[in-house]
Peer 1: 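One structure, as structure tokens, below. Some questions next.
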Amino acid sequence: MRRKLAAGNWKMHGLRADLAELATLDNADVDVLVCLPATLIAAARDLPVSIGGQDCHSATHGAHTGDISAPMLADAGATYVLTGHSERRSDHGETDADVAAKTQAAHAAGLTAIICIGETLAIRAAGTTLDIIDGQLAASIPDSATDDNTIIAYEPVWAIGTGKVPSTDQIAEVHAHIRARLAERFADGADFGILYGGSVKAGNAAEIFAVPHVTGALVGGASLKAADFGPIVAALAAS
Ligand code: PGA
């Protein structure tokens, strides 16, 4: 079983001076990761937290202006990468097949991929959340996935950056479903990390971390400042 993971996602925030926020976040009991803008990865490589990218191309190199490859992220000092974040899916039209190809590229480069899935509010209202989750799991996870190189992040799109959080029963239902699907497909499916993401804050972290099969969090807005992220790391360590 992987160690619990508190993962931050800075999105398109942060200049070099902001890296000082990462200096005190390490924790003996849980893994701490921050997925940074590509410009900050090399500068952060010696800080006492793991560093990740926020996206990678499916190819190792080539004529793809503005893109970044998984070997480039690894070379800069990243050990993780997010794939299929909902903002990549919506801003850049990334499909499940794209996400699987990017994840496979991450594996080939020795990175741990955090594959993001989750339903929109319309899907939740239509009552088809678990069907959508099934489709995303089946098509976004490549066969190269193991509990060592892949983590799943369940992030309801409607909870990201909105301050809205599903009930613990809703989180529990989806996480148990993801666990069951992973166990059906992968010999080590019982050991994959499964993060919850979407408006995690110091004030709700403990109750979310108490939900079965939640092995950590993917945190956006509340990961930018040590004063906000530190208590979330501490809540995970205490869970
Ligand atoms: P949020 O973002 O914590 O700001 O809701 C989470 C995410 O997008 O990973």
Side-chain angles (χ1 to χ4, degrees), residues 4-14 18 21-22 25 30-38 40-41 49-56 73 78 80-94 99 102-103 106 111-121 123-124 129 132-133 136-137 140 150-168 170-171 174-175 178 193-209 211 214-236 239:
K4 293 176 180 174
L5 176 65
N9 172 13
W10 276 20
K11 309 191 180 187
M12 199 171 73
H13 297 281
D18 298 306
E21 297 293 333
L22 307 181
L25 287 174
V30 298
D31 291 335
V32 181
L33 161 70
V34 182
C35 295
L36 293 171
L40 296 181
I41 291 173
V49 294
S50 294
I51 300 300
Q54 299 175 4
D55 173 55
C56 66
L73 292 173
Y80 290 78
V81 64
L82 303 178
T83 56
H85 188 279
S86 76
E87 288 151 16
R88 297 294 311 178
R89 292 176 186 263
S90 63
D91 291 0
H92 299 273
E94 292 184 6
V99 177
K102 287 165 182 264
T103 302
L111 299 174
T112 297
I114 301 178
I115 303 176
C116 305
I117 60 172
E119 82 285 359
T120 61
L121 197 53
I123 303 270
R124 167 72 53 190
T129 294
I132 291 297
I133 294 292
Q136 291 175 330
L137 287 172
S140 300
T150 304
I151 293 169
I152 306 300
Y154 168 54
E155 298 205 297
V157 177
W158 52 273
I160 295 175
T162 59
K164 294 189 186 130
V165 183
S167 69
T168 50
Q170 288 172 322
I171 296 173
V174 177
H175 274 249
I178 293 170
I194 311 177
L195 310 181
Y196 168 78
S199 296
V200 176
K201 309 261 182 287
N204 60 23
E207 63 175 352
I208 292 171
F209 294 145
V211 174
V214 173
T215 67
L218 181 55
V219 183
S223 72
L224 295 171
K225 297 283 175 205
D228 297 324
F229 198 35
I232 295 172
V233 173
L236 185 62
S239 70

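Start at 1 and go down the list; that is how both ligands and their atoms are numbered. All values derive from a computational prediction rather than experimental measurement.
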Peer 1: Do me a favour and list the nearest non-hydrogen protein atom to atom 9 (O) of ligand 1 with residue, atom name and distance?
Peer 2: E155 OE2, 2.6 Å
Peer 1: Rounded to the nearest 0.5 Å, what separation is found between the OG1 atom of T83 and the CD1 atom of I151?
Peer 2: 10.5 Å
Peer 1: At what distance, to the nearest 0.5 angstrom, does CD1 of I117 lie from CD1 of I133?
Peer 2: 4.0 Å
Peer 1: Look only at the side chain of D18 and the backbone of H13, and say whether a donor-acceptor pair between them is shorter than 3.5 Å.
Peer 2: no
Peer 1: Can you label the angle between the Y196 ring and the H175 ring as parallel, tilted or perpendicular, going by 30° and 60°?
Peer 2: tilted
Peer 1: Which ligand 1 atoms are under 4.0 Å away from a heavy-atom of G221?
Peer 2: 1 (P), 3 (O), 4 (O)
Peer 1: Please determine which of L73, T112, V34 meets the side-chain contact (heavy atoms from CB on, under 4.5 Å) test together with Y80.
Peer 2: T112
Peer 1: At a 4.0 Å cut-off, with the gap strictly under it, does some heavy atom of K11 reach an atom of ligand 1?
Peer 2: yes
Peer 1: What atoms in ligand 1 come closer than 4.0 Å to a heavy atom of S199?
Peer 2: 1 (P), 3 (O), 5 (O)
Peer 1: Does H85 use its side chain to pair, donor to acceptor, with the backbone of E87 at less than 3.5 Å?
Peer 2: yes
Peer 1: Quick one: which ligand 1 atoms are inside 4.0 Å of a heavy atom on N9?
Peer 2: 9 (O)
Peer 1: Taking only heavy atoms of L218, which atoms of ligand 1 are found under 4.0 Å from at least one of them?
Peer 2: 9 (O)
Peer 1: List every atom of ligand 1 that sits less than 4.0 Å from any heavy atom of A159, numbering the atoms from 1 in the order shown and giving each element.
Peer 2: 5 (O)
Peer 1: By number and element, which atoms of ligand 1 are closer than 4.0 Å to a non-hydrogen atom of H85?
Peer 2: 7 (C), 8 (O), 9 (O)
Peer 1: Using a 4.0 Å cut-off to any heavy atom of G198, which atoms of ligand 1 qualify?
Peer 2: 5 (O)
Peer 1: Please check whether G220 reaches ligand 1 - meaning an N/O of the residue sits under 3.5 Å from an N/O of the ligand, judged on distance alone.
Peer 2: yes
Peer 1: Hey, mind stepping through E155 and N9 against side-chain contact (heavy atoms from CB on, under 4.5 Å) and telling me if it holds?
Peer 2: CA-CA 12 Å; E155 298 205 297; N9 172 13; 5.8 Å; no
Peer 1: What atoms of ligand 1 come closer than 4.0 angstrom to any heavy atom of G161?
Peer 2: 1 (P), 4 (O), 5 (O)
Peer 1: Judged by atom type as modelled, is there a donor-acceptor pair below 3.5 Å linking the side chain of S199 to the main-chain atoms of A159?
Peer 2: yes
